[in-house]
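Okay, structure first, notes after.
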Amino acid sequence: MITLIMFIVLSSNPIINHLLAPAYAVSTIKVGDQLNITSKLVSPATNFTLGFFTIPETNNTYLGIWYTIDDYTKVWVANPSTPINTSSSVLMIDPDTAKLIISTERTTLVNISDNESGPSFNLTATLQDTGDFQLKNETDNRIIWRSFDYPTNVLLPGMKLGLDRRTGRSWNLTSWLSDVIPGVGAFTMSWEPTGDDSQRFTIQRRGQPYWRIGDSNNQR
Ligand SMILES: *[C@@H]1O[C@H](CO)[C@@H](O)[C@H](O)[C@H]1NC(C)=O
Ligand SMILES: *[C@@H]1O[C@H](CO)[C@@H](O)[C@H](O)[C@H]1NC(C)=O
Ligand SMILES: *[C@@H]1O[C@H](CO)[C@@H](O)[C@H](O)[C@H]1NC(C)=O
Ligand SMILES: *[C@@H]1O[C@H](CO)[C@@H](O)[C@H](O)[C@H]1NC(C)=O
Ligand SMILES: *[C@@H]1O[C@H](CO)[C@@H](O)[C@H](O)[C@H]1NC(C)=O
Ligand SMILES: *[C@@H]1O[C@H](CO)[C@@H](O)[C@H](O)[C@H]1NC(C)=O
Ligand SMILES: *[C@@H]1O[C@H](CO)[C@@H](O)[C@H](O)[C@H]1NC(C)=O
Ligand SMILES: *[C@@H]1O[C@H](CO)[C@@H](O)[C@H](O)[C@H]1NC(C)=O
Ligand SMILES: *[C@@H]1O[C@H](CO)[C@@H](O)[C@H](O)[C@H]1NC(C)=O
């Protein structure tokens, strides 16, 4: 009994938890690495895990990020509208296009990142402890792409929603279609420009206003 209590106390200590994390856990892939359907990336302090998951009701497979201690809540999905169904799918960095892709046998199934660029061999993709998945050019140390810029239905600390008035680019949350279909659902949460120089927070249902709060000068 005493042993059991001591074990519980020890294992709720984050430092011990970290030491108990699987020795093979990695948080980064580089060009040439492939993350297959059963492998995972785990962020350095083990806060988040990235990997493929299959929804039993549909047999559709998605790449996602979840809390390591709670795999039920997916905080991000790479391919909500383009599920994959082949068990030979892998996540990799395509050196020819410098994109993060899901591919099978040399065929690109999903382009996850969107920046157009030429061949590049010195790239890494790392799952951060914030839950942000970042594609980085190691040569000039620039982040080329990050999952935080492509929110799905969960806002994590450090993510921003908003609207860049200059480029027209927006960062919204969008509900899943149903509990078992991550594809674009009915509800969108966004900042909507108003006549003057401000934006207001709004929830739309199928493109129609559903809920708004008062005008706000909050800018991204
Ligand atoms: C996936 O990758 C891991 C680690 O590289 C390997 O041990 C495992 O056999 C692979 N699984 C499949 C289904 O290819
Ligand atoms: C999912 O795949 C399994 C095994 O191939 C099959 O038995 C099951 O009927 C499939 N379920 C659906 C919803 O397609
Ligand atoms: C897998 O997806 C492809 C293309 O989306 C489709 O043609 C094929 O029928 C699917 N296979 C299964 C087993 O569902
Ligand atoms: C992925 O992007 C490349 C260009 O970088 C394009 O040629 C290819 O058709 C795209 N594939 C898919 C599945 O969208
Ligand atoms: C990771 O988890 C630890 C323990 O829960 C927490 O203290 C820390 O703030 C988290 N790190 C980030 C970047 O969220
Ligand atoms: C990648 O970039 C880093 C930082 O500039 C450099 O130290 C390293 O040698 C580069 N690796 C390759 C394979 O070019
Ligand atoms: C990476 O950085 C180097 C040096 O600035 C640049 O030549 C190369 O095009 C960059 N690659 C990508 C994919 O951005
Ligand atoms: C990649 O594209 C995004 C916009 O989609 C842009 O904000 C970012 O600066 C680009 N990154 C690079 C390295 O060009
Ligand atoms: C965000 O929502 C607004 C509606 O408020 C819409 O016009 C915009 O296209 C959405 N942006 C994205 C990236 O989904």
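For this chain, numbers begin at 1 and follow the sequence in order. For the numbers below, each heavy atom of this structure counts, side chains included, while hydrogens, waters and symmetry mates do not. In listed order, ligands and their atoms are each counted from 1.
- Counting only heavy atoms, the protein never gets under 4.0 Å from atom 4 (C) of ligand 2.
- Using a 4.0 Å cut-off between a side-chain N of Lys or Arg and a carboxylate O of Asp or Glu, Asp132 and Arg146 qualify as a salt bridge.
- Close contacts of ligand 6 with Thr139, meaning ligand atoms under 4.0 Å from a residue heavy atom, involve 2 (O), 5 (O).
- A side-chain N or O of Thr49 and one of Thr68 form a donor-acceptor pair less than 3.5 Å apart.
- Counting only distance, with no hydrogens or angles, the side chain of Thr58 and the backbone of Asn60 share a donor-acceptor pair below 3.5 Å.
- Under the 4.5 Å side-chain heavy-atom criterion for grouping Ile, Leu, Val, Met, Phe, Trp and Tyr, Met92 is not connected to Phe133 through any hydrophobic cluster.
- Annotation: the span from Asn47 atom CG to Ile69 atom CD1 amounts to 8.5 Å, rounded to 0.5 Å.
- Short contacts between ligand 5 and Asp129, defined as distances under 4.0 Å to a heavy atom of the residue, involve ligand atoms 12 (C), 13 (C), 14 (O).
- Atoms of ligand 6 lying under 4.0 Å from any heavy atom of Asn122, numbered from 1 in the order shown and given with element: 1 (C), 2 (O), 3 (C), 8 (C), 10 (C), 11 (N), 12 (C), 14 (O).
- Set against the non-hydrogen atoms of Glu57, the atoms of ligand 2 under 4.0 Å away are 13 (C).
- Protein non-hydrogen atoms do reach within 4.0 Å of atom 14 (O) of ligand 2.
- For the pair Asn59 and ligand 2, the shortest N or O to N or O distance falls below 3.5 Å.
- Ring centroids of Trp145 and Tyr150 are separated by less than 6.0 Å, placing the two rings close together.
- By the 3.5 Å distance cut-off applied to N or O atoms, Asn47 is counted among the residues near ligand 5.
- For atom 9 (O) of ligand 2, no protein heavy-atom neighbour is found at a distance under 4.0 Å.
- In this structure, Lys74 fails the cation-pi test against Tyr62, since its NZ or CZ atom is not both closer than 6.0 Å to the six-membered ring centre and inside 45 degrees of the ring normal.
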